[in-house]
Enquirer: 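The structure under discussion is supplied below as structure tokens; questions concerning it will follow.
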Protein chains: 2
Amino acid sequence: MKKLSLIGLGLWNEKDITQRALEEIEKADVVYLENYTSKLPGTTKQKLEQETDKKIQLANRKFIEGGKILLNAKSNHVALLVPGDPLIATTHTDIILRAKKQNIKTEIIHNSSIYNAVTETGLQIYKFGKTATVTFWKPNYEPKSFYQTIKQNKERGLHTLLLLDLEKTKDKYLSPQEAIRTLLEIEKQEQQEVFTEETKVIIGSKLGSPKREIKYGKAKEMGKETEIDPPASLIIPGELHPLEEEYLQQFKVNKGDQNN
Amino acid sequence: MKKLSLIGLGLWNEKDITQRALEEIEKADVVYLENYTSKLPGTTKQKLEQETDKKIQLANRKFIEGGKILLNAKSNHVALLVPGDPLIATTHTDIILRAKKQNIKTEIIHNSSIYNAVTETGLQIYKFGKTATVTFWKPNYEPKSFYQTIKQNKERGLHTLLLLDLEKTKDKYLSPQEAIRTLLEIEKQEQQEVFTEETKVIIGSKLGSPKREIKYGKAKEMGKETEIDPPASLIIPGELHPLEEEYLQQFKVNKGDQNN
């Protein structure tokens, strides 16, 4: 059967697969694992194969965006496994659209993404503004749009979720400390009082997993934090509701500071 | 064991449960299903009992917020099943906080929520601004804050997700058509050109399920649409990327209108 099923794997390991996903994978002729928009930190291809009882092939950007996967789905039921939720990355929406144009049936099976896991900080999801991604700075490439996003969200009292870039060639995520240093550098240049050493930030590491770690404190305190495991996110709180404020207290890095 | 596990059930039926959730439910001494912040549309308590192989008791607001569930978790491992993601509703964040204060161990097992399913419209999740809820209007209770949310998001080119209120006493959701009529009524009063008959809107019904229905058109066209099954959401697009625009074409209610 001609069919392309995009299947979310959730946030941590092979145990985050839903019953619906397992049943769909069972029906598929061929199963691919997308391994370039993000990574499933707590598992391996082998463990996924055991859990699903299927042989799984890795699919890179060229295979997916170059159209080979659609060619395959013209004569087979193809399942594409995607860490997190399958439609968070724009590239997957594009694949669905191209499949429909070629009369290939599609199926979308959701799973948790960072937009679920970020609630573990106690911040209310409906009070988040636009999301931004903090990218690696390189010579002659120093984007600042995420600084403006924080500014605009703050003006409305909204929280900002900052995703941290994945450097594909080096297979390395931007660390939250590097993101903080970049934001402080932009503040020096822009002087708009958007992100100073006194700005409160939340670092969330491995959110949505049993190994989650959350740290809350001023930017100047966070820079000193030791290693934080990827995947991590940075959250800049807007105006805090008393319940949000109370929830965050358990994550404070500097328990002695009453003004924190 | 003293433990409270908050377990998300996802968006549609008993097949959306994750492996991790099933393993946690199996370990629990007692299992409750929360049935007042939202509802799992495609299943029943009986089917959930079959899938989990556990007896499940319904838990109402009084039982959860009144503290009986925490009393129970002081001597048992209590699993609380929640439609969607367990931390979307503020009340569950509050329960986690209160459990921690009473030294009750907690566990959070995520699942998909409307923030995952809304991507089925083709709109990019990171371009959504603040979320708002459209409430039922009653005599002397005519809130307009969601109109201002749309306005502020639009000013920045952002999409707005509008959740539709659940009237608890009548067990009835606000319909998307009623929400559109309310927004047009506010427009008449406010005259801010935020939501007119020409405004493009998306109605998403049963998003995240195999029975999803999506409709895209002008506000004046949507009012005429016949019955739309709950749960439904209303989405007001901001500035559309060409890929978003192209994706939306498949959902147009008025295919003949080239300006749509």
Side-chain angles (χ1 to χ4, degrees), chain A residues 8 10-23 51 84-88 90 92-94 96-97 100 107-113 115-120 122-133 152-153 156-158 161 163 207-208 210 212 241 243-244 246-247 250, chain B residues 8 10-23 51 84-88 90 92-94 96-97 100 107-113 115-120 122-133 152-153 156-158 161 163 207-208 210 212 241 243-244 246-247 250:
Chain A
L11 288 156
W12 185 243
N13 68 16
E14 69 281 358
K15 296 296 176 195
D16 294 306
I17 302 181
T18 66
Q19 299 302 105
R20 182 184 309 283
L22 284 178
E23 289 179 10
E51 190 75 22
D85 185 87
L87 291 191
I88 293 292
T90 315
H92 301 141
T93 312
D94 185 48
I96 294 276
L97 198 58
K100 285 186 176 173
E107 184 63 65
I108 299 159
I109 297 180
H110 291 283
N111 209 318
S112 301
S113 75
Y115 290 88
N116 303 95
V118 75
T119 58
E120 292 178 0
L123 298 190
Q124 291 160 17
I125 189 71
Y126 65 89
K127 283 173 62 190
F128 276 79
K130 185 184 187 318
T131 308
T133 299
Q152 290 171 345
N153 286 340
R156 292 174 56 200
L158 303 177
L161 169 62
L163 307 174
L207 292 179
R212 67 183 66 90
H241 180 276
L243 180 63
E244 293 177 313
E246 192 184 352
Y247 203 90
Q250 59 187 307
Chain B
L11 288 157
W12 184 243
N13 68 17
E14 69 282 357
K15 296 295 175 195
D16 294 307
I17 301 180
T18 66
Q19 299 301 104
R20 183 185 308 284
L22 284 177
E23 288 180 9
E51 190 75 21
D85 185 86
L87 291 191
I88 293 292
T90 315
H92 301 142
T93 313
D94 184 49
I96 294 275
L97 198 56
K100 285 186 177 175
E107 183 63 66
I108 299 159
I109 297 181
H110 291 285
N111 209 318
S112 300
S113 76
Y115 290 89
N116 303 95
V118 75
T119 58
E120 292 178 0
L123 298 190
Q124 291 161 19
I125 188 71
Y126 64 87
K127 283 173 61 190
F128 277 79
K130 185 183 187 319
T131 309
T133 299
Q152 291 172 344
N153 285 341
R156 292 173 55 198
L158 303 178
L161 169 62
L163 306 174
L207 292 180
R212 66 183 67 91
H241 180 276
L243 178 63
E244 294 177 314
E246 192 184 353
Y247 203 90
Q250 59 186 308

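Order of the sequence lines sets the chain letters (A, B, ...), proteins ahead of strands, with each chain counted from 1.
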Enquirer: With side chain to side chain contact (heavy atoms under 4.5 Å, CB included) as the test, would you mind laying out the steps for B:His241 and A:Thr90 before giving the verdict?
Expert: CA-CA 11 Å; B:His241 180 276; A:Thr90 315; 5.8 Å; no
Enquirer: Which of the residues B:Glu51, B:His92, B:Gln250 is involved in the greatest number of heavy-atom pairs with chain A at under 4.5 angstrom?
Expert: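 Answer, by heavy-atom pair count under 4.5 Å with chain A: B:Gln250.
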Enquirer: Sort B:Tyr247 into side chain, backbone, both or neither according to what part of it lies under 4.5 angstrom from a heavy atom of chain A.
Expert: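 For B:Tyr247, heavy atoms of backbone and side chain both lie under 4.5 Å from chain A.
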Enquirer: Just give me the residue among A:Ile88, A:Asn153, A:Leu163, A:Ile109 that pairs up with chain B most often, heavy atom to heavy atom, under 4.5 Å.
Expert: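 Highest number of pairs under 4.5 Å: A:Asn153.
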Enquirer: Would you mind telling me which of B:Gly8, B:Gly129, B:Gly84, B:Gly10 has the largest number of heavy-atom pairs within less than 4.5 Å of chain A?
Expert: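 Answer, by heavy-atom pair count under 4.5 Å with chain A: B:Gly129.
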Enquirer: Specify which of B:Glu23, B:Lys127, B:Glu244 makes the most heavy-atom pairs with chain A at under 4.5 Å.
Expert: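 Highest number of heavy-atom pairs under 4.5 Å: B:Glu23.
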Enquirer: Against chain B, work out which of A:Leu158, A:Leu87, A:Leu22 has the most heavy-atom pairs shorter than 4.5 Å and name it.
Expert: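 That would be A:Leu87.
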Enquirer: Please classify the contact of B:Leu161 with chain A as side chain, backbone, both or neither, using a heavy-atom distance under 4.5 Å.
Expert: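 The answer is neither part of B:Leu161.
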Enquirer: For the interface with chain B, which of A:Pro86, A:Ala117, A:Ala132 has the highest count of heavy-atom pairs at distances below 4.5 Å?
Expert: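 Answer, by heavy-atom pair count under 4.5 Å with chain B: A:Ala117.
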Enquirer: Is there a donor-acceptor pair closer than 3.5 Å between any side-chain N or O of B:Asn116 and the backbone N or O of A:Ser112?
Expert: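 No.
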Enquirer: Taking all non-hydrogen atoms of both residues into account, name the closest pair between A:Thr18 and B:Lys15 and its distance.
Expert: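 A:Thr18 and B:Lys15 have their closest heavy atoms at CB-O, 3.9 Å.
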Enquirer: Using side chain to side chain contact (heavy atoms under 4.5 Å, CB included), reason through A:Tyr115 and B:Asp85 one step at a time and then give a plain yes or no.
Expert: CA-CA 10 Å; A:Tyr115 290 88; B:Asp85 185 86; over 6 Å; no
Enquirer: Using every non-hydrogen atom in the two residues, find where A:Pro210 and B:Arg20 come nearest and quote the distance to one decimal.
Expert: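 A:Pro210 and B:Arg20 have their closest heavy atoms at CG-NH1, 3.5 Å.
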Enquirer: Just wondering, do B:Leu243 and A:Asp94 contact through their side chains at under 4.5 Å, heavy atoms?
Expert: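 Answer yes - side chains close enough.
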Enquirer: After noting the C-alpha distance and the side-chain angles of B:Trp12 and A:His110, does the key distance pass the side chain to side chain contact (heavy atoms under 4.5 Å, CB included) rule?
Expert: CA-CA 11 Å; B:Trp12 184 243; A:His110 291 283; over 6 Å; no
Enquirer: So what's closer than 4.5 Å to chain B heavy atoms on A:Leu97: side chain, backbone, both or neither?
Expert: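 Both backbone and side chain.
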Enquirer: I'd like to verify something: which residue of A:Asn13, A:Leu11, A:Ile17 has the highest number of heavy-atom pairs under 4.5 Å with chain B?
Expert: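 Between A:Asn13, A:Leu11, A:Ile17, the count favours A:Ile17.
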Enquirer: Under the side chain to side chain contact (heavy atoms under 4.5 Å, CB included) criterion, do A:Thr93 and B:Gln124 qualify, and how do the steps go?
Expert: CA-CA 9 Å; A:Thr93 312; B:Gln124 291 161 19; 5.8 Å; no
Enquirer: Examine whether an atom of B:Glu107 lies under 4.5 Å from a heavy atom of chain A, and if so say whether it belongs to the side chain, the backbone or both; otherwise answer neither.
Expert: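 Side chain of B:Glu107 only, per the 4.5 Å heavy-atom cut-off to chain A.
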Enquirer: Please name the pair of heavy atoms, one in B:Tyr126 and one in A:Lys130, separated by the smallest distance, quoted to 0.1 Å.
Expert: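 Closest pair (atom of B:Tyr126, atom of A:Lys130, distance): O-CG, 3.3 Å.
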